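Just so it is clear, the values below take in all heavy atoms, side chains as well, and ignore hydrogens, waters and symmetry mates. For clarity, every value in this text was computed on a predicted model and none was experimentally measured. Chain letters run A, B, ... following the sequence lines, proteins first and then strands; every chain starts at 1.
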Amino acid sequence: MKIGYPCINYSIGKKTISTFRLSSYSEEKLIQSIKYNLNTLLEILNYNIDHNLMFFRISSDIVPFASHPLCTFNWQDLFRTDFKKIGEFILKNNLRISMHPDQFVIINAKDKNIVERSIGELEYHREILDLMNLDNSAKIQIHIGGVYGEKELSKKRFISNFDLLSDRLKKRLVIENDDHLYHLNDCLEIHDELGIPVLFDTFHHECFGDDLDLIEAIKKVDHTWNHSKDGIMMIDYSNQEKDKRKGKHSKTLLLKNFLEFIRLCSFTDFDIMLEVKDKEQSAKKARKLLDQINNDSTMFKNKIFYYKES
DNA sequence: CTTAGTCAAGGGGTA
DNA sequence: TACCCCTTGACTAAG
């Protein structure tokens with residue numbers, strides 16, 4: 001099991017992603033940003049190795065405005081060697097990588113222009129992973145999209161629009177259950193049609209329960225991953241921020257809940273992405289906890305959870 | 001220098 | 001109907 005966190009590391013002492021406003025776009029700014037972002041990515045990955053955090057989500061902003069029509073610059077060629085080097089570094093250290101395009105990517109949109117732009121953005125994500133020469137266990141995760149008042153039809157549109165994607169992209173794409181529109185069963189249904197793996201988000205499942213028991217859910221999801229091609233499954237984990245709107249991610253990892261989750265689900269293996277605000281801090285807490293469990297197998301049996309928050 | 005408003009992109013929910 | 005939320009953080013103009 002690899003522990004990961006998304007996009008940003010606050011411990012390195014500088015900002016992680018350099019971007020800018022569209023109105024101040026220039027090729028020079030673009031080049032400077034990419035250069036900075038690739039260097040920072042390497043720094044973060046080094047930090048992660050030092051702390052045994054072997055799973056990381058790369059920010060969609062690594063190349064700002066990459067899929068925008070304004071961006072015609074051939075950044076791929078200019079940074080080809082740098083991407084390749086980072087990919088070799090990832091491979092050498094056995095790191096797991098994912099990406100998560102933002103909410104504007106909607107494959108099942110009714111508007112053809114939105115579909116087209118979404119595919120452009122997805123192909124950009126694929127290109128990043130391809131430039132690093134990562135195999136298909138490096139995934140791009142998206143939600144199913146809009147409902148438009150007719151869910152079944154919208155699911156069908158996802159399935160038919162999926163065909164518009166390149167083969168390379170299809171092999172990297174996974175779908176994630178969201179917190180109020182498409183639940184796990186919807187994802188599993190689409191998996192049955194398309195064969196793409198389902199990325200299970202524990203918190204969304206909690207928010208938007210469909211009576212499917214956690215263990216049953218994990219078992220079902222596990223079967224959607226072809227382990228030799230896709231790697232072991234990725235799971236998103238987070239907690240509810242207390243006294244806030246349902247679905248609000250917590251600032252930090254609640255270790256008690258996390259331990260209980262691990263205890264319930266340790267019958268199988270997966271890589272886990274911690275979607276909490278304090279990023280690497282929580283990842284380190286989780287890592288410490290898992291190490292403690294590994295060193296003391298009686299911990300589960302005796303239910304002695306003596307981990308202390310530091 | 002500090003701070004508040006704003007940033008490419010869609011859709012759904014809530015007040 | 002207007003504003004909030006989503007991986008929200010970070011850029012930028014105004015003070």
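- By the 4.5 Å heavy-atom criterion applied to side chains, A:Y182 and A:I190 are not counted as neighbours.
- Ranked by how close their nearest DNA chain C nucleotide is to the 5' end, A:T19 and A:P6 are led by A:P6.
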Please produce a list of atom pairs where a protein N or O lies less than 3.5 Å from an N or O of nucleotides 12-15 of chain B.
from, atom 1, to, atom 2, distance (Å)
B:dG12, OP1, A:V147, N, 2.7
B:dG12, OP1, A:Y148, N, 2.8

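- Between the P atoms of B:dT6 and C:dT7, the separation comes to 24 Å (whole Å).
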Worksheet item: Which dot-bracket notation, 5' to 3', represents the base pairing of DNA chain B when pairs are defined as Watson-Crick or G-U with both distances under 3.5 Å, crossing pairs as [ ], and inter-strand pairs as |?
Response: |||||||..||||||

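- The nucleotide whose nearest atom lies closest to any side-chain atom of A:K277 is, among C:dT7, B:dA8, B:dG11, C:dT7.
- Contact between the side-chain N/O atoms of A:R117 and the OP1/OP2 oxygens of B:dG10 is found at a separation under 4.0 Å.
- Of the inter-residue distances, the one linking A:F104 atom CZ with A:S118 atom OG reads 10.5 Å to the nearest 0.5 angstrom.
- Nucleic acid contact for A:P69: none, since no nucleic acid atom lies under 4.0 Å from a heavy atom of the residue.
- Within a 6.0 Å radius of NZ in A:K84, no more than 12 heavy atoms belonging to other residues, nucleotides or ligands are found.
- Ranking C:dG9, B:dA9, C:dT12 by closeness to the A:D102 side chain, first place goes to B:dA9.
- To the nearest 0.5 angstrom, A:I196 atom CD1 is 5.0 Å from A:L173 atom CG.
- When the options A:D135, A:D230, A:D271 are evaluated for a salt bridge (charged side-chain N to carboxylate O under 4.0 Å, His left out) with A:R96, the one that passes is A:D271.
- Centroid-to-centroid, the aromatic rings of A:F200 and A:F270 stay 6.0 Å apart or farther.
- Seen from the ring of A:F258, A:K285 does not count as a face-on cation partner, given the 6.0 Å and 45° thresholds.
- In this structure, A:F104 forms no aromatic stack with the base of B:dG10, since the conditions of centre separation below 5.5 Å and plane angle below 30° are not both met.
- Not one side-chain nitrogen or oxygen of A:S18 sits closer than 4.0 Å to the OP1 or OP2 atom of C:dA10.
- Enclosure of atom NZ in A:K170 by more than 12 non-hydrogen atoms of other residues, nucleotides or ligands within 6.0 angstrom is indicated.
- Within a heavy-atom distance below 4.0 Å of DNA chain B, no residue of residues 27-35 of chain A is found.
- Between A:F89 and A:N46 there is a side-chain heavy-atom pair separated by less than 4.5 Å.
- Two residues are said to be in side-chain contact when any heavy atoms from C-beta on lie closer than 4.5 Å; A:L129 and A:R172 meet this criterion.
- Taking hydrophobic clusters as Ile, Leu, Val, Met, Phe, Trp and Tyr residues chained together by side-chain heavy-atom distances below 4.5 Å, A:M234 shares a cluster with A:L134.
- Contacts of residues 50-65 of chain A with DNA chain B (heavy atom under 4.0 Å): A:F65.
- Across the C1' atoms, B:dA9 and C:dT1 are found 22 Å apart, a figure rounded to whole Å.
- Heavy atoms of other residues, nucleotides or ligands lying less than 6.0 angstrom from CD of A:E150 number more than 12.
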Which protein N or O atoms sit under 3.5 Å from an N or O of nucleotides 13-15 of chain C?
none

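- Within residues 168-176 of chain A, no residue has any heavy atom closer than 4.0 Å to DNA chain B.
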